[in-house]
Amino acid sequence: MEIYLDTGNVDEIRKAAETGMLSGVTTNPTLIAKEGRDFKQVITEIARILERHTQSFTVSAETHSTDADGMVKEGIEYAKYHKNVIVKVPMTRDGIIAVQQLGKRKIRCNVTLCFSPNQALLAAKAGAYIVSPFVGRIDDHGGEGMELIEQIREIYDNYEFATKILVASVRHPGHVRDAALLGADIVTLPATVFEQLFAHPLTDKGLEKFLADYRKSQAALEQGKRA
Ligand code: E4P
């Protein structure tokens, strides 16, 4: 399962990328707005950071139009920023039309704001490279986000769709574990959740004891030599 960072913050991306665990970045208009920077500059800088670590990354850049023609126009422009930029379009009727038109130009799309198995089916039929079901927002509304992932996995396997399932709107490490158990292709994480993946209190406790014992044994040896 690939791990992406869900942010427009280049410092967070640099820090996560140095671990060698990062395969891409997703952005959305809210995340870009948080940075208060020019859209093209942010996307281009993200691509430059990632290409230092891997050649097969993707950066998702989201369109702002609501009509298919507008999305296609924006998508063609974004694809010029860097060969690994993929165009994020909303899961709407127009979005599905735009995915197919961009596909004819060999421009890959990430269909975002997916909340149902049928939407995911349409995204795959349109030839989306990635579909992004939002598990956290479903949970926030009292639903079971991971059930959607399970259903999409089954549908895609039934028909051998190549569209990658990207688990979005991740809130905690449990979502990452469940995504991996269900066979999702990608998870995109806020930097805080990414950092949490490395940690376990028993690792810290265990390491503390190992290091203390090592220091003690070395000190005892030194003392023995001196005696
Ligand atoms: C990523 O592609 C999505 O835009 C993002 O994960 C949404 O997350 P949120 O529900 O926390 O805004």
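Note that ligands are numbered from 1 as they come in the structure, with each ligand's atoms numbered from 1 the same way.
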Task: Non-neighbouring partners of E222 that pass side chain to side chain donor-acceptor pair (under 3.5 Å), sequence neighbours left out - done: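 So E222 forms a side chain to side chain donor-acceptor pair (under 3.5 Å) with K225.
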TODO: Could you list the residues that satisfy side chain to side chain donor-acceptor pair (under 3.5 Å) with E77, not counting sequence neighbours?
DONE: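 In terms of side chain to side chain donor-acceptor pair (under 3.5 Å), with neighbours along the sequence ignored, E77 is linked to K80.
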Open item on the list: Could you check whether T58 and N84, counting side-chain N and O atoms only, form a donor-acceptor pair closer than 3.5 Å?
Closed with: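 Distance-only check fails for N84 and T58.
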TODO: Please say whether more than 12 non-hydrogen atoms of neighbouring residues, nucleotides or ligands are located less than 6.0 Å from CD in E208.
DONE: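 Incorrect, the count does not exceed 12.
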Open item on the list: Heavy-atom contacts with ligand 1 below 4.0 Å: which residues, ordered by chain and residue number?
Closed with: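 Contacting ligand 1 under 4.0 Å are D6, T26, N28, K88, F134, R137, A168, S169, R171.
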Open item on the list: Please report the interatomic distance NE2(H53) to OG(S23), rounded to the nearest 0.5 Å.
Closed with: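 Those atoms lie 12.0 Å apart.
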Task: R137: partners by salt bridge (Lys or Arg N to Asp or Glu O under 4.0 Å), with sequence neighbours left out - done: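 None.
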